[in-house]
Amino acid sequence: MIPLKSERELEGIRESARILSQVLKILRASIGPGIPTRELDRIARKEIAAFGARPAFLGYMDFPAAVCISVNEVVIHGIPDGRRLKEGDIVSIDCGVDYEGFFSDAAFTVPVGGVAEEVRKLLEVTEESLYLGIAQARPGNRIHDVSRAVYRHARAHGLGVVREFCGHGVGLSPHEEPQIPNYVGKGRSPRIMPGMVLAIEPMFTLGADYVRILEDGWSVVPVDGSLSAHFEHTIAVLPDGPEILTDWGEERVPLLSKQQEGEL
């Protein structure tokens with residue numbers, strides 16, 4: 001069953017998303033060469049608590065951190081640890097907030113310094129696909145309309161589309177119906193209705209569609225080890241269309257110089 005949120009519930013989810021947006025902007029500004037991923041998790045816990053909220057992911061299905069921090073080939077569910085980010089890495093931050101029982105969820109991928117054109121394009125296309133999918137989340141459309149928009153943009157640019165994990169409903173718990181694949185399969189395609197709150201999240205790679213889980217039991221990587229990107233917003237479906245509730249800020253992805261590219 002897909003829960004349709006009341007106006008009161010939507011206001012609670014908006015506040016949760018507002019808090020999450022502020023935390024994500026702080027995390028984005030904290031990313032740089034030398035910072036341990038564990039420190040980003042500490043910052044997230046501190047900032048979420050300062051807003052009177054709690055991390056939605058901490059302890060959820062026994063996940064051990066407040067934030068999923070996925071570096072380079074890790075698509076999602078990376079566990080923060082002592083690893084220090086370095087120039088040329090790409091890092092995905094995925095975070096959720098529980099504010100008085102109202103949940104929001106968002107993610108972005110950014111470079112640590114300059115990246116090559118192929119990597120810049122991966123990030124750019126994944127982010128573009130998110131907004132193309134959101135544009136289809138209108139009353140009267142179906143979930144597969146969202147999936148189709150995301151998938152077509154990825155394939156038009158030759159990217160792999162992760163199949164084992166997908167977007168989802170959110171709002172009164174971290175994960176709700178419906179599931180929102182990033183490709184069009186044979187599964188159910190519910191009608192999109194006002195009151196739905198959705199977490200749409202393209203996950204693309206520079207290679208394989210299929211993934212495996214590492215020995216830590218969480219980190220998801222493509223079977224070919226290719227670089228990956230992940231973007232996500234929480235949106236509310238209103239009678240006149242989608243409202244994006246989360247915000248993680250924008251920045252242009254810098255490119256490596258020709259000299260730096262030759263050193264790779």
Side-chain angles (χ1 to χ4, degrees), residues 1-25 51-54 56-57 60 76 94-108 126-154 161-163 165-203 230-250:
M1 179 177 176
I2 300 173
L4 301 180
K5 278 67 174 184
S6 67
E7 190 55 44
R8 183 191 70 82
E9 290 168 336
L10 284 175
E11 284 307 309
I13 297 166
R14 283 190 182 96
E15 182 60 17
S16 174
R18 186 192 68 80
I19 293 168
L20 175 56
S21 299
Q22 295 304 310
V23 172
L24 289 176
K25 289 175 182 177
F51 284 107
R54 60 177 298 276
F57 297 171
Y60 181 69
I76 51 172
D94 186 2
C95 187
V97 159
D98 171 3
Y99 177 70
E100 298 183 354
F102 298 107
F103 292 83
S104 55
D105 188 359
F108 60 83
T126 309
E127 184 175 2
E128 288 171 351
S129 291
L130 170 61
Y131 290 106
L132 290 170
I134 290 171
Q136 294 300 315
R138 309 185 67 83
N141 281 358
R142 292 189 178 274
I143 292 298
H144 280 176
D145 292 314
V146 176
S147 303
R148 186 175 296 106
V150 169
Y151 181 80
R152 283 180 172 172
H153 197 57
V161 179
V162 172
R163 291 174 176 264
F165 297 87
C166 62
H168 52 88
V170 68
L172 304 182
S173 67
H175 289 87
E176 302 172 354
E177 289 294 324
Q179 295 190 63
I180 311 170
N182 292 311
Y183 66 98
V184 178
K186 295 181 180 179
R188 294 176 60 244
S189 181
R191 186 79 65 183
I192 296 171
M193 300 174 62
M196 286 184 177
V197 178
L198 308 173
I200 298 171
E201 49 180 322
M203 292 167 263
H230 176 209
F231 285 84
E232 177 183 21
H233 273 313
T234 293
I235 70 161
V237 180
L238 305 181
D240 59 351
E243 176 190 353
I244 299 174
L245 303 183
T246 46
D247 176 20
W248 18 253
E250 303 288 345

Going by the rule salt bridge (charged side-chain N to carboxylate O under 4.0 Å, His left out), which residues pair with Arg14 if we only count those two or more places apart in sequence or in a different chain? Glu7, Glu11, Glu243

Nearest 0.5 Å, what's the [atom1]-[atom2] distance between [X] and [Y]?
| X | Y | atom1 | atom2 | result |
| --- | --- | --- | --- | --- |
| Phe108 | Thr126 | CZ | OG1 | 14.5 Å |
| Leu132 | Arg148 | CG | CZ | 13.5 Å |
| Phe103 | Leu172 | CZ | CG | 8.5 Å |
| Asp94 | Ile76 | CG | CD1 | 7.5 Å |

Does Glu15 CD have over 12 foreign heavy atoms under 6.0 Å away? yes

Please test Met203 against Asn182 for side-chain contact (heavy atoms from CB on, under 4.5 Å), starting from the C-alpha separation and ending with a verdict. CA-CA 8 Å; Met203 292 167 263; Asn182 292 311; 4.0 Å; yes

Closest heavy-atom pair and its distance - Leu20, Asp105: CD2-N, 3.5 Å

Shortest non-hydrogen contact between Gln136 and Asp145, atoms and distance: CG-O, 3.6 Å

Please state whether the rings of His233 and Trp248 are parallel, tilted or perpendicular, taking 30° and 60° as the class boundaries. parallel

Just so I know, are the side chains of [X] and [Y] near enough to count as touching, which here means a heavy-atom distance under 4.5 Å?
| X | Y | value |
| --- | --- | --- |
| Arg188 | Pro190 | yes |
| Pro202 | His230 | no |
| Leu245 | Ile13 | yes |
| Pro194 | Leu4 | no |
| Ser104 | Val97 | yes |
| Leu198 | Val237 | yes |
| Ile192 | Arg142 | no |

Verdict with supporting geometry, Ile200 and Val146, side-chain contact (heavy atoms from CB on, under 4.5 Å): CA-CA 8 Å; Ile200 298 171; Val146 176; 4.0 Å; yes

Can you pull out every ring-ring contact (aromatic ring centres under 6.0 Å, His included) where at least one residue sits in residues 169-197? Sequence neighbours excluded, please. Tyr60-His175, His168-His175

